[in-house]
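In what follows, a structure is listed as structure tokens, so that the remarks can point back to it.
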Amino acid sequence: MRSVKEIIDLLKILYSKEFGGKKNSRYFISTELFKDIAGRKRIEDSIKTEIINGAYEEGLIVTELEDGYSVIESDVMNGYRKATKATIAELLKPAKSKT
């Protein structure tokens, strides 16, 4: 059974490794492989929360999905385009009737 710190360190190492034709890139890891990295048969919710929060402090965003986890560098997400107030206002404006 690995500590939360050890799990996060392994997630960071995996992030930097080249696989799938890319290095230092986002990746998906199945729940089963995530448990292998954690050295656990089951990962309790409290441990998941510690991993997610600790990884964030280390610059990785870990998101639990239906059948696994996505891992992406927080700097990559900070570069996403930003929705503005005007964009949202336009989106929420009632559609004009075509009558």
Side-chain angles (χ1 to χ4, degrees):
M1 184 182 323
R2 292 186 177 87
S3 71
V4 169
K5 173 76 171 114
E6 290 171 319
I7 296 165
I8 293 167
D9 287 346
L10 289 171
L11 294 174
K12 288 170 50 179
I13 291 168
L14 185 57
Y15 192 90
S16 68
K17 285 207 170 287
E18 185 170 345
F19 64 94
K22 295 182 180 181
K23 183 178 181 181
N24 290 320
S25 185
R26 64 185 184 241
Y27 62 90
F28 173 84
I29 183 167
S30 71
T31 300
E32 288 305 311
L33 291 176
F34 197 84
K35 288 190 286 189
D36 288 348
I37 283 179
R40 300 163 186 254
K41 291 181 180 178
R42 181 177 181 280
I43 303 176
E44 297 82 12
D45 288 341
S46 61
I47 298 296
K48 287 180 201 175
T49 300
E50 285 185 54
I51 293 167
I52 290 168
N53 291 339
Y56 181 77
E57 294 296 322
E58 297 285 329
L60 289 181
I61 297 185
V62 177
T63 306
E64 185 176 12
L65 304 170
E66 186 174 324
D67 56 349
Y69 298 82
S70 67
V71 180
I72 188 169
E73 224 174 359
S74 59
D75 287 346
V76 171
M77 294 184 76
N78 289 332
Y80 286 177
R81 62 190 179 136
K82 311 270 188 280
T84 65
K85 193 172 191 171
T87 304
I88 301 305
E90 180 67 27
L91 174 72
L92 299 176
K93 189 171 25 174
K96 293 185 179 180
S97 174
K98 292 185 178 183
T99 58

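The figures here come from the full heavy-atom set of this structure, side chains too, leaving out hydrogens, waters and symmetry mates. Residue numbers count from 1 along this sequence.
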For K17, does the NZ atom sit with more than 12 other heavy atoms under 6.0 Å from it, leaving out its own atoms? no
Separation of E66 CD from T31 OG1 (nearest 0.5 Å): 9.5 Å
Distance only, no hydrogens: is a donor on one side chain within 3.5 Å (strictly under) of an acceptor on the other, for S46 and T49? no
For Y56 against I61, the heavy-atom pair lying closest together: CD1-CG1, 4.1 Å
Side chain to side chain contact (heavy atoms under 4.5 Å, CB included) for I37 and I29? Distances and angles first, verdict last. CA-CA 10 Å; I37 283 179; I29 183 167; 3.4 Å; yes
Going hydrophobic residue to hydrophobic residue with side-chain gaps under 4.5 angstrom, can you get from I72 over to L65? no
Any chain of hydrophobic side-chain contacts (each under 4.5 Å) joining F19 to F28? no
same_hphob_cluster(M77, Y27) at 4.5 Å side-chain heavy-atom cutoff: yes
Looking only at atom types and distance, does a side-chain atom of E6 sit under 3.5 Å from a main-chain N or O of S3, one as donor and one as acceptor? yes
Please find the pair of heavy atoms, one from I43 and one from A38, that lie closest to each other, and give the distance. CD1-CB, 3.9 Å
Using side-chain heavy atoms (C-beta onward) and a distance below 4.5 Å, is E58 in contact with K12? yes
Just wondering, do S70 and V62 contact through their side chains at under 4.5 Å, heavy atoms? no
Check: R2 main-chain N/O paired with R40 side-chain donor or acceptor under 3.5 Å: yes
Is it true that K48 and E64 have a side-chain N and a carboxylate O under 4.0 angstrom from each other? yes
Euclidean distance, N24 CG relative to E73 CD, rounded to 0.5 Å: 7.0 Å
Shared ILVMFWY cluster between Y80 and L60, side chains joined below 4.5 angstrom? yes
Linking I/L/V/M/F/W/Y whenever any side-chain heavy atoms sit under 4.5 Å apart, do V71 and L14 land together? yes
I'd like to check L11 versus I51 (side-chain heavy atoms, cut-off strictly below 4.5 Å). Are they in contact? yes
Heavy-atom pair of closest approach, residues A83 and I88: CB-CD1, 4.2 Å
Looking only at atom types and distance, does a side-chain atom of S25 sit under 3.5 Å from a main-chain N or O of K22, one as donor and one as acceptor? no
Ignoring hydrogens and angles, tell me if any N or O in the side chain of S74 forms a donor-acceptor pair with the backbone of G59 under 3.5 Å. yes
Please check if atom NZ in K82 has more than 12 non-hydrogen atoms from other residues, nucleotides or ligands closer than 6.0 Å. yes
